[in-house]
Chemist: 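The structure follows.
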Amino acid sequence: MTVPAEPEDRGTLTIAPSVVRKIAQHAADQVDGTTRAERRIAGLGLGTHGASAKVGGEGNDVDLLLDVALHYPAPVRRIVGDLRTRVTEEVERITSYQVRDISVTVSALLPDIAPRVR
(Lines give C-alpha, C1' and ligand atoms only; values in the text may rest on other atoms or scores of the structure.)
Protein backbone atom coordinates (compact mmCIF):
# COMPACT_ATOMS: atom_id res chain seq x y z
CA MET A 1 0.00 0.00 0.00
CA THR A 2 1.38 3.40 -0.99
CA VAL A 3 1.31 6.42 1.26
CA PRO A 4 -0.43 9.45 -0.29
CA ALA A 5 1.78 12.42 -1.09
CA GLU A 6 1.72 15.47 1.12
CA PRO A 7 -0.87 18.05 0.00
CA GLU A 8 1.78 20.52 -1.20
CA ASP A 9 3.29 17.77 -3.38
CA ARG A 10 0.06 16.68 -5.09
CA GLY A 11 0.00 19.28 -7.87
CA THR A 12 -2.29 22.16 -8.71
CA LEU A 13 -5.82 22.70 -9.93
CA THR A 14 -6.62 25.47 -12.38
CA ILE A 15 -10.22 26.44 -13.05
CA ALA A 16 -10.70 28.08 -16.44
CA PRO A 17 -12.40 31.49 -16.70
CA SER A 18 -15.14 29.89 -18.84
CA VAL A 19 -16.07 27.68 -15.86
CA VAL A 20 -16.17 30.67 -13.51
CA ARG A 21 -18.36 32.46 -16.08
CA LYS A 22 -20.85 29.58 -16.20
CA ILE A 23 -21.00 29.34 -12.41
CA ALA A 24 -21.68 33.10 -12.16
CA GLN A 25 -24.38 32.96 -14.87
CA HIS A 26 -26.12 30.00 -13.25
CA ALA A 27 -26.03 31.61 -9.79
CA ALA A 28 -27.41 34.89 -11.19
CA ASP A 29 -30.27 33.07 -12.94
CA GLN A 30 -31.30 31.53 -9.58
CA VAL A 31 -31.92 34.91 -7.90
CA ASP A 32 -35.59 35.85 -7.43
CA GLY A 33 -36.51 38.76 -9.67
CA THR A 34 -34.25 37.85 -12.59
CA THR A 35 -35.82 36.62 -15.80
CA ARG A 36 -34.90 35.33 -19.23
CA ALA A 37 -34.87 37.78 -22.13
CA GLU A 38 -35.72 37.07 -25.75
CA ARG A 39 -32.70 36.62 -28.00
CA ARG A 40 -33.19 38.44 -31.30
CA ILE A 41 -30.85 38.80 -34.24
CA ALA A 42 -31.90 40.85 -37.28
CA GLY A 43 -35.47 40.88 -35.97
CA LEU A 44 -35.71 37.10 -35.70
CA GLY A 45 -36.54 35.48 -32.36
CA LEU A 46 -33.93 32.89 -31.43
CA GLY A 47 -35.19 31.69 -28.06
CA THR A 48 -34.29 33.16 -24.70
CA HIS A 49 -31.20 33.70 -22.61
CA GLY A 50 -30.50 34.28 -18.95
CA ALA A 51 -27.73 36.27 -17.33
CA SER A 52 -24.46 36.72 -19.17
CA ALA A 53 -21.10 37.22 -17.49
CA LYS A 54 -17.56 38.23 -18.34
CA VAL A 55 -14.64 37.25 -16.13
CA GLY A 56 -11.40 39.12 -15.55
CA GLY A 57 -8.80 39.41 -12.84
CA GLU A 58 -5.55 37.71 -12.08
CA GLY A 59 -4.21 35.13 -9.70
CA ASN A 60 -6.77 34.10 -7.13
CA ASP A 61 -8.88 37.29 -7.60
CA VAL A 62 -11.70 37.56 -10.14
CA ASP A 63 -13.71 40.49 -11.41
CA LEU A 64 -17.16 39.82 -12.86
CA LEU A 65 -19.34 41.81 -15.24
CA LEU A 66 -22.96 40.62 -15.15
CA ASP A 67 -25.71 41.54 -17.60
CA VAL A 68 -29.21 40.59 -16.45
CA ALA A 69 -32.89 41.14 -17.21
CA LEU A 70 -35.30 41.71 -14.32
CA HIS A 71 -39.04 41.32 -13.88
CA TYR A 72 -40.96 44.60 -14.04
CA PRO A 73 -41.87 46.12 -11.66
CA ALA A 74 -38.93 45.07 -9.52
CA PRO A 75 -37.01 46.42 -6.53
CA VAL A 76 -33.83 46.83 -8.60
CA ARG A 77 -31.46 47.73 -5.74
CA ARG A 78 -32.53 44.75 -3.64
CA ILE A 79 -32.26 42.31 -6.54
CA VAL A 80 -28.83 43.62 -7.58
CA GLY A 81 -27.68 43.28 -3.96
CA ASP A 82 -29.01 39.70 -3.89
CA LEU A 83 -27.23 39.01 -7.20
CA ARG A 84 -23.89 40.23 -5.86
CA THR A 85 -24.25 38.16 -2.69
CA ARG A 86 -25.40 34.95 -4.41
CA VAL A 87 -22.85 35.07 -7.24
CA THR A 88 -19.99 35.87 -4.85
CA GLU A 89 -20.94 33.03 -2.51
CA GLU A 90 -21.26 30.47 -5.31
CA VAL A 91 -18.07 31.41 -7.17
CA GLU A 92 -16.04 31.43 -3.94
CA ARG A 93 -17.62 28.19 -2.65
CA ILE A 94 -17.13 26.20 -5.84
CA THR A 95 -13.82 27.59 -7.11
CA SER A 96 -12.15 29.04 -3.98
CA TYR A 97 -11.31 32.16 -6.03
CA GLN A 98 -11.96 35.47 -4.30
CA VAL A 99 -14.46 37.76 -6.02
CA ARG A 100 -12.85 41.19 -5.97
CA ASP A 101 -15.56 43.12 -7.84
CA ILE A 102 -18.96 42.55 -9.45
CA SER A 103 -20.45 45.10 -11.85
CA VAL A 104 -24.10 44.56 -12.73
CA THR A 105 -25.87 45.95 -15.79
CA VAL A 106 -29.65 45.65 -15.89
CA SER A 107 -30.24 45.45 -19.63
CA ALA A 108 -34.01 44.92 -19.54
CA LEU A 109 -37.06 45.26 -17.30
CA LEU A 110 -39.62 42.78 -18.60
CA PRO A 111 -43.25 42.59 -17.44
CA ASP A 112 -44.99 39.28 -17.00
CA ILE A 113 -47.28 39.11 -20.03
CA ALA A 114 -49.95 36.47 -20.24
CA PRO A 115 -50.10 34.64 -23.58
CA ARG A 116 -52.76 36.01 -25.93
CA VAL A 117 -53.73 32.64 -27.32
CA ARG A 118 -54.81 29.82 -25.06
Side-chain angles (χ1 to χ4, degrees):
M1 182 169 180
T2 60
V3 177
E6 293 298 316
E8 60 272 2
D9 296 331
R10 293 183 193 164
T12 61
L13 172 65
T14 302
I15 299 173
S18 62
V19 174
V20 177
R21 178 179 52 81
K22 288 182 182 188
I23 292 167
Q25 290 173 172
H26 180 74
D29 286 339
Q30 303 305 308
V31 173
D32 285 339
T34 62
T35 189
R36 298 183 69 79
E38 187 175 5
R39 184 183 317 261
R40 298 183 72 77
I41 297 178
L44 300 174
L46 299 173
T48 62
H49 66 90
S52 65
K54 293 182 181 176
V55 179
E58 57 185 58
N60 201 37
D61 295 327
V62 293
D63 300 317
L64 300 169
L65 301 171
L66 293 175
D67 188 301
V68 298
L70 302 181
H71 288 287
Y72 176 80
V76 175
R77 286 184 188 192
R78 181 189 58 78
I79 295 171
V80 169
D82 293 348
L83 276 166
R84 287 188 172 116
T85 300
R86 175 73 184 259
V87 170
T88 298
E89 288 173 353
E90 284 298 289
V91 168
E92 291 180 353
R93 182 181 69 82
I94 294 172
T95 68
S96 76
Y97 289 149
Q98 296 299 307
V99 176
R100 183 170 54 187
D101 184 55
I102 298 181
S103 295
V104 179
T105 299
V106 177
S107 58
L109 293 172
L110 302 172
D112 288 328
I113 299 174
R116 293 181 183 183
V117 178
R118 292 184 189 235

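Atom set for the values below is all heavy atoms of this structure, side chains included, hydrogens, waters and symmetry mates excluded. In this chain, numbering begins with 1 at the start of the sequence shown.
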Chemist: Show me the side-chain donor-acceptor pairs of residues 16-33 shorter than 3.5 Å, one per line, residues at least two apart or across chains.
Modeler:
residue, atom, partner, partner atom, Å
Gln25, OE1, Ala53, N, 3.0
Asp29, OD1, Ala51, N, 2.7

Chemist: Output all residues satisfying side chain to side chain donor-acceptor pair (under 3.5 Å) with Thr85, sequence neighbours left out; order by chain, then residue number.
Modeler: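 Partners of Thr85 by the side chain to side chain donor-acceptor pair (under 3.5 Å) criterion come out as none, since no residue qualifies.
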
Chemist: Val76: what forms a side-chain contact (heavy atoms from CB on, under 4.5 Å) with it, not counting sequence neighbours?
Modeler: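 Applying side-chain contact (heavy atoms from CB on, under 4.5 Å) to Val76 gives Leu70, Val80, Val106, Leu109.
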
Chemist: Go through the structure and list residues passing side chain to side chain donor-acceptor pair (under 3.5 Å) with Arg93, not counting sequence neighbours.
Modeler: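 With sequence neighbours excluded, Arg93 shows a side chain to side chain donor-acceptor pair (under 3.5 Å) to Glu90, given in chain and number order.
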
Chemist: Sequence neighbours left out, what passes side-chain contact (heavy atoms from CB on, under 4.5 Å) with Ser107? Give chain and number order.
Modeler: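 Result, side-chain contact (heavy atoms from CB on, under 4.5 Å) vs Ser107: Asp67.
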
Chemist: Which residues pass the side chain to side chain donor-acceptor pair (under 3.5 Å) test with His71, not counting sequence neighbours?
Modeler: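 Only Asp112 meet the side chain to side chain donor-acceptor pair (under 3.5 Å) criterion with His71.
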
Chemist: Enumerate the residue pairs fulfilling side-chain hydrogen bond (donor to acceptor under 3.5 Å, both in side chains) with a member in residues 54-63, sequence neighbours excluded, ordered by first and then second residue.
Modeler: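 Qualifying pairs: Asp63-Arg100.
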
Chemist: Following the transitive rule for hydrophobic clusters with a side-chain heavy-atom cut-off under 4.5 Å over Ile, Leu, Val, Met, Phe, Trp and Tyr, establish whether Tyr72 and Ile79 coincide in one cluster.
Modeler: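 Yes, one cluster joins them.
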
Chemist: Are Leu65 and Tyr97 linked, directly or through other ILVMFWY residues, by side chains that come within less than 4.5 angstrom of each other?
Modeler: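 In one cluster: no.
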
Chemist: Could you tell me whether the side chain of Val87 reaches within less than 4.5 Å of the side chain of Val99, counting heavy atoms only?
Modeler: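 They are not in contact (no side-chain heavy atoms under 4.5 Å apart), so the answer is no.
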
Chemist: Mind checking whether Val55 and Leu64 have side chains closer than 4.5 Å, heavy atoms only?
Modeler: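 Sidechains of Leu64 and Val55: in contact.
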
